[in-house]
Amino acid sequence: MKEKITKRSTDFSRWYTDVILQAELADYSPVKGCMVIRPNGYAVWEKMQSILDRMFKETGHQNAYFPLFIPESFLKKEADHVEGFAPECAVVTYGGGKKLDENLYVRPTSETIMYAMYAKWIHSYRDLPLLINQWANVVRWELRTRLFLRTTEFLWQEGHTAHATYDEAEEETLKILEIYTEFYEKYMAVPVLRGLKTESEKFAGALRTYCVEAMMGDKKALQGGTSHNLGQNFSKVFDVKFQTREGKIDYVWQTSWGVSTRLIGALVMVHGDDNGLCLPPKMASNQAVVIPIWREEDEKPSVLEVANRLVRNLNKKVSVKLDDREHYTPGWKFYEWELKGIPLRIELGPKDIEKESVLFARRDTRDKFQVSWDELSYKTEQVLEEIQKNLFNRALKFREDNTFTIDDYNEFKERNNVEGGFFSVHWCGSPSCEEKIQKETKATIRLIPFEQQTKQGKCIYCNAASEHRVIIAKAY
RNA sequence: CGGAGCGUGGCGCAGUCCGGUUAGCGCACUAGACUGGGGGUCUAGGGGCCGCCGGUUCAAAUCCGGCCGCUCCGACCA
């Protein structure tokens, strides 16, 4: 018997770690703050990559790869950028046994090195837009790490585009936010809020940062992806210039955007339960597993024969695995696959063969029901779709049930403290109110949501006039 | 860096206060038999510089000192 997973309600944070370790998504590495992504976890990442990669390419982006090392001088060119990243960088000072003439920074993000190249490649408006994405690892020397959510090294994609006009850059920034939203909601079955980051939360060096934000199973917020309109901040310091159609010289307008292996953490925290991981069908490398069952030795050949046939058939439409390991009992396998989050379990034994049916067991609801062979293919697809929808709806309802519109500061403080959740409050826009709220409540302004009825109000902290509501929550 | 906790077969732990001969348990692992519809049973096995270094002692997993590592909670962050 495997060790029990800590109950989610007992200790969310331990539950999270337990699920990841036991479902074999990742393991702690010998290097502090780093993790090893195990095959189960990496399979999820590959799934995410393939979907996002397709979406990026469909919108005209190309992949490329830039170096891991960045010359110190590059990183220091953009003032806000240095300030934001320098403290959390790993720096290489020796190479080949000799002290380097110039220190090399292990990339915390690749703006600087990429834009140094862009300056070389872009000359004319005809070279624009330049739409590049890279899949890479980056390093940020974090003080406190958590599997998938914050590790010293992590995997991500970073898109970096250059445009001829501000409007095009802004359009790109928002287009990417739409891609992220679609990915979260349609594939990960995780509902997100879209909006703008405040000045203090925006990317170091950006004009403004848009984000998607999701509610985890403990009601805390997770920043799920960011898309930055960089304006001309970087092009000016890296001298990325182009000649316009009119013959004038201008600096390019840039964007950058990314999502990371943190997505996997979100998947765990939104859909997982006391039995372990629960993967939305579109995120599972195997959507279903067939468990053959027999009592007598002479039943085995016929069960396996039928099982193989059904799996072959199903695999035309979905990805199904046959678990015919003999040294594990069916019961053991049930627990194992639930822990690992496979969306649908299909049991097939002598009783089913007699009835020409199988037994379905849904991971999300844990419902079980009989399905006849002639309906198998269709039912499988249908049930998987239902699971996908149900997971999304469940997560959406959870977020809605735990999002509160509040106008009284004391009430907000109290409820934030006791029950947690997302709080929709008026904010005047002043950084000082923002900071005070954070200090006093440990909650931060997650975003200024796009979707809201623009009603005037009064700042929840200082009572000054406010143009919009913001979402405040405790966050990862 | 501050606070808390933990280092004992692969994993989870007991033993440590109060030193004493072969260091124990559960799970996992190996072999075999019976089994198989929610973590099966039995039998027989293998596997340990008790985190590291030093000290006290006739004797150290156990006491003392130092170091190292990890996890959790706070200050920075996708």
Side-chain angles (χ1 to χ4, degrees), chain A residues 1-6 11-14 16-18 21-22 24 27-34 83-89 108-109 136-158 180 197 200-204 209 211-214 221-228 256-266 275-276 291-297 299-300 303 323-339 345-355 357-359 361 366 368 370 438-439 442 444 475-476:
Chain A
M1 190 173 350
K2 292 225 176 182
E3 322 92 79
K4 281 270 178 286
I5 302 171
T6 306
D11 184 340
F12 193 85
S13 158
R14 268 182 60 191
Y16 174 77
T17 306
D18 285 353
L21 295 177
Q22 289 186 38
E24 297 175 354
D27 203 352
Y28 293 105
S29 81
V31 181
K32 188 182 164 82
C34 294
E83 202 186 315
F85 284 105
E88 50 178 310
C89 284
T109 178
N137 59 337
V138 286
V139 168
R140 297 182 189 176
W141 216 261
E142 300 293 347
L143 301 174
R144 205 153 128 44
T145 55
R146 303 195 78 219
L147 294 170
F148 289 114
L149 299 179
R150 185 168 300 108
T151 48
T152 300
E153 180 190 5
F154 60 92
L155 306 182
W156 77 346
Q157 62 64 217
E158 46 179 327
Y180 288 159
K197 281 287 180 196
S200 71
E201 296 271 335
K202 77 174 186 192
F203 177 74
T209 293
C211 66
V212 288
E213 203 82 19
L222 183 78
Q223 178 174 305
T226 45
S227 182
H228 318 290
S256 71
W257 29 274
V259 292
S260 70
T261 35
R262 177 180 259 198
L263 289 167
I264 299 172
N275 302 302
I291 314 266
I293 298 158
W294 58 84
R295 206 176 275 280
E296 307 296 332
E297 198 60 19
E299 292 169 335
K300 186 171 126 183
V303 169
D323 186 354
D324 55 2
R325 292 175 296 175
E326 297 206 17
H327 41 290
Y328 292 110
T329 62
W332 195 92
K333 292 175 184 174
F334 297 170
Y335 280 92
E336 159 111 339
W337 290 111
E338 266 173 22
L339 171 63
R345 182 176 76 235
I346 301 175
E347 302 172 23
L348 175 77
K351 291 184 222 160
D352 306 292
I353 292 188
E354 253 173 61
K355 290 179 284 187
S357 68
V358 296
L359 194 68
R366 308 191 83 221
K368 291 189 201 174
Q370 209 177 298
Q438 177 170 359
K439 287 242 163 73
K442 308 228 182 227
T444 49
Y476 277 99

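Labels below follow one simple rule: chain letters A, B, ... track the order of the sequence lines, proteins then strands, and each chain is numbered from 1.
Contact annotation for A/K333: no contact, since no heavy-atom pair falls under 4.0 Å across all strands. Across all strands shown, A/T151 has heavy atoms under 4.0 Å from base atoms, whether or not it also approaches the sugar-phosphate. Using a 4.0 Å heavy-atom cutoff across all strands shown, A/W156 reaches no nucleic acid atom at all. Residue A/L149 is in base contact, counting any heavy-atom pair closer than 4.0 Å across all strands shown. Among the heavy atoms of the strands lying under 4.0 Å from A/F154 is at least one base atom, whether or not backbone atoms are also near. A/G349 comes within 4.0 angstrom of a base, heavy atoms only. Within the 4.0 angstrom heavy-atom criterion, base atoms lie near A/R366. A/T261 comes within contact range of no nucleotide atom at all, as no heavy-atom separation falls under 4.0 Å. Residue contacts for A/R146: at a heavy-atom cut-off of 4.0 Å it reaches no nucleic acid atom on any strand shown. Across all strands shown, A/P87 has no heavy atoms under 4.0 Å from either base or sugar-phosphate atoms. Counting non-hydrogen atoms under 4.0 angstrom, A/L222 reaches nothing in the nucleic acid.
Figure legend. B/rC63 is base-paired to B/rG55; pairs are counted as Watson-Crick or G-U wobble with both atom distances under 3.5 Å. In a base pair of the Watson-Crick type (N1 to N3 plus N6-O4 or O6-N4) or a G-U wobble (N1-O2 and O6-N3), with each distance short of 3.5 Å, B/rC29 is matched with B/rG45. With both pairing distances under 3.5 Å, B/rG74 is matched to B/rC1 as a Watson-Crick or G-U wobble pair. The base-pairing partner of B/rC50, taking Watson-Crick or G-U wobble contacts with both distances under 3.5 Å, does not exist among the strands shown. Pair check for B/rG7 finds B/rC68; Watson-Crick or G-U wobble, both atom distances under 3.5 Å. Applying the Watson-Crick and G-U wobble criteria (two distances, each under 3.5 Å), B/rG36 pairs with nothing in any strand. Base pairing of B/rG24 is made with B/rC13, judged by Watson-Crick or G-U wobble geometry with both donor-acceptor distances under 3.5 Å.
OP1 or OP2 of B/rC73 lies within a sub-4.0 Å distance of a side-chain N or O belonging to A/R144. Remark: A/T329 is in phosphate contact with B/rG40, judged by side-chain N or O atoms under 4.0 Å from OP1 or OP2.
Across the protein-nucleic acid pair, A/W337 atom CH2 and B/rG37 atom P stand 18 Å apart, rounded to whole Å. The distance between atom CH2 of A/W332 and atom P of B/rC27, rounded to the nearest whole Å, is 15 Å. For the pair A/K439 NZ and B/rA75 P, the computed distance is 11 Å after rounding to whole Å. In this structure, CZ of A/F148 is placed 19 Å from P of B/rA78, rounded to the nearest angstrom. Counting to the nearest Å, the P atom of B/rG40 and the CH2 atom of A/W294 are 15 Å from each other. For A/Y28 and B/rG12, the OH to C1' distance is 15 Å, given to the nearest whole Å. Distance A/I293 CD1 to B/rU35 P: 17 Å, rounded to the nearest Å. Rounding to whole angstrom units, CD1 of residue A/I353 and C1' of B/rG37 are separated by 13 Å.
With B/rC76, B/rG37, B/rA78 as the candidates, the nucleotide lying closest to the side chain of A/R262 is B/rA78. Closest approach to the A/Y328 side chain among B/rC29, B/rG36, B/rA78 is made by B/rC29 (side chain taken as heavy atoms from C-beta onward). Ranking B/rC29, B/rC76, B/rG37 by closeness to the A/E142 side chain, first place goes to B/rC76. Checking B/rG74, B/rG38, B/rG36 against every side-chain atom of A/E297, the shortest atom distance belongs to B/rG36. Comparing atom distances between the A/L143 side chain and each of B/rA78, B/rC72, B/rC76 picks out B/rC76 as nearest. Nearest nucleotide to the A/R295 side chain, out of B/rG36, B/rA78, B/rA75: B/rG36.
Nucleotides B/rA23 and B/rA61, compared at atom P, are 10 Å apart to the nearest Å. Using atom C1' as the reference point in both B/rA28 and B/rG40, the two lie 16 Å apart (nearest Å). When the P atom is used for both B/rA44 and B/rG26, the distance is 13 Å, rounded to whole Å. A distance of about 31 Å separates the C1' atoms of B/rC76 and B/rG66, rounded to the whole Å. Comparing the P positions of B/rC6 and B/rU16 gives a spacing of 14 Å, expressed to the nearest Å. Comparing the P positions of B/rG15 and B/rC63 gives an interatomic distance of 12 Å, to the nearest angstrom. Taking atom C1' in both B/rC11 and B/rG7, the straight-line distance is 14 Å, to the nearest Å. Using atom C1' as the reference point in both B/rA14 and B/rG24, the two lie 7 Å apart (nearest Å).
Side chain A/E326 to base B/rG36: no donor-acceptor pair is found below 3.5 Å. Counting atom types as modelled, A/K368 pairs a side-chain N or O with a base atom of B/rG38 as donor and acceptor under 3.5 Å.
There is no side-chain donor-acceptor pair under 3.5 Å between A/T151 and A/R140.
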Under the side chain to side chain donor-acceptor pair (under 3.5 Å) rule, what do A/T6 and A/D18 come out as? Steps first, then yes or no, please. CA-CA 7 Å; A/T6 306; A/D18 285 353; 2.5 Å; yes

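For the residue pair A/V303 and A/P292, the shortest heavy atom distance occurs at CG1-CB, 3.7 Å. The nearest pair of heavy atoms linking A/Q157 to A/V259 is OE1-N, 2.8 Å. The shortest heavy-atom contact between A/T226 and A/C211 is CG2-CB, 4.1 Å.
Between A/Y335 and B/rG38, no base-stacking contact is recorded for ring centres under 5.5 Å apart and planes less than 30° from parallel.
For A/F203 and A/F85, the gap between ring centers is short of 6.0 Å. Between A/F154 and A/W156, the distance from one ring center to the other falls under 6.0 angstrom.
Judged by a 6.0 Å distance limit and a 45° cone about the ring axis, A/R345 is positioned over the six-membered ring of A/F334.
Atom CZ of A/R325 has more than 12 neighbouring heavy atoms from other residues, nucleotides or ligands inside a 6.0 Å radius.
Looking at which nucleotide of RNA chain B each of A/H327 and A/G258 is closest to, the 5′-most match is held by A/H327.
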